[in-house]
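To find a chain, count down the sequence lines: A is the first, B the second, and so on, and within it residues start at 1. Side-chain atoms are counted along with the backbone in the values below, which use heavy atoms only and exclude waters and symmetry mates.
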Amino acid sequence: DTGVSQDPRHKITKRGQNVTFRCDPISEHNRLYWYRQTLGQGPEFLTYFQNEAQLEKSRLLSDRFSAERPKGSFSTLEIQRTEQGDSAMYLCASSLVGRESTGSSTDTQYFGPGTRLTVL
Amino acid sequence: GQNIDQPTEMTATEGAIVQINCTYQTSGFNGLFWYQQHAGEAPTFLSYNVLDGLEEKGRFSSFLSRSKGYSYLLLKELQMKDSASYLCAVRGQSHTGRRALTFGSGTRLQVQP
């Protein structure tokens, strides 16, 4: 049973550099979510995809952040011109909802191990 | 918007029962989730409630009262490995398009021998 995987697990970068993270969801899961978590806080929603369509973006997602899911499978999250405030754990989650879903399904999100970003 | 409150820390004894409360205020509601998160690891799914009442799953049970905006997670027969953060999360109504979860800050549970 393959869960959600993320790469890299850790990333240290200097302020101003660009970074890209990858998430591979559970096979056949059609929804993919990105969250950010800082120490002592719960995850904060950034954006989510249904298949390849990006359906919602948080106000937390500034212009420096961009996410893609080009083929409806893996996703990438890029942060341009990183700032020290971007230091956090970036979590990816995936879920499966049927085509006929009216939104009443569980739509349980399963999380990956996260990418810990440190901006120096 | 959505606001979720849960205690920051709790301590309990191995073998005992502990109840972790969560209150929420939301403009729409389409389910409440509990996740467990060990330090440095990803959250793992524990339970889901969308209707009022108690859902039981082994040593873990979760209760929901939508009218009161209240839920609790009950852990029985505590084990040392239950020491972790417990996250309460609410999902908004689907017609708003909001499928993402809004998480509380988590309750750090310390189980002592």
Give me the contact list for residues 103-113 of chain B versus chain A, heavy atoms only, anything under 4.5 Å, ordered by residue number. B/F103, B/G104, B/S105
Over 60° means perpendicular and under 30° means parallel, so tell me whether A/Y110 and B/F45 are parallel, tilted or perpendicular. perpendicular
Tell me if the NZ atom of B/K57 is crowded by more than 12 foreign heavy atoms within 6.0 Å. yes
More than 12 heavy atoms of other residues, nucleotides or ligands under 6.0 Å from CG of B/L54: yes or no? yes
Check whether A/P113 gets within reach of chain B through its side chain, its backbone, both or neither, counting any heavy atom under 4.5 Å. backbone
Scan side-chain atoms only and decide if B/D5 and B/Y24 contain a donor-acceptor pair under the 3.5 Å cut-off. no
Between the side chains of A/S95 and A/D107, does any donor sit under 3.5 Å from an acceptor? yes
Neighbours of chain B found in residues 35-42 of chain A - heavy atoms under 4.5 Å: A/Y35, A/Q37, A/G40, A/Q41, A/G42
Side-chain donor-acceptor contact under 3.5 Å, A/Q80 with A/R64: no
Taking the inter-plane angle between the rings of A/F111 and B/Y35 on a 0 to 90° scale, is it parallel (under 30°), tilted (30 to 60°) or perpendicular (over 60°)? perpendicular
Taking atom CZ as the centre, does A/R15 end up with more than 12 heavy-atom neighbours from other residues, nucleotides or ligands that are less than 6.0 angstrom away? no
Are B/Q19 and B/Y72 linked by a side-chain donor-acceptor pair shorter than 3.5 Å? no
More than 12 non-hydrogen atoms from neighbouring residues, nucleotides or ligands closer than 6.0 Å to CD on A/E52, yes or no? yes
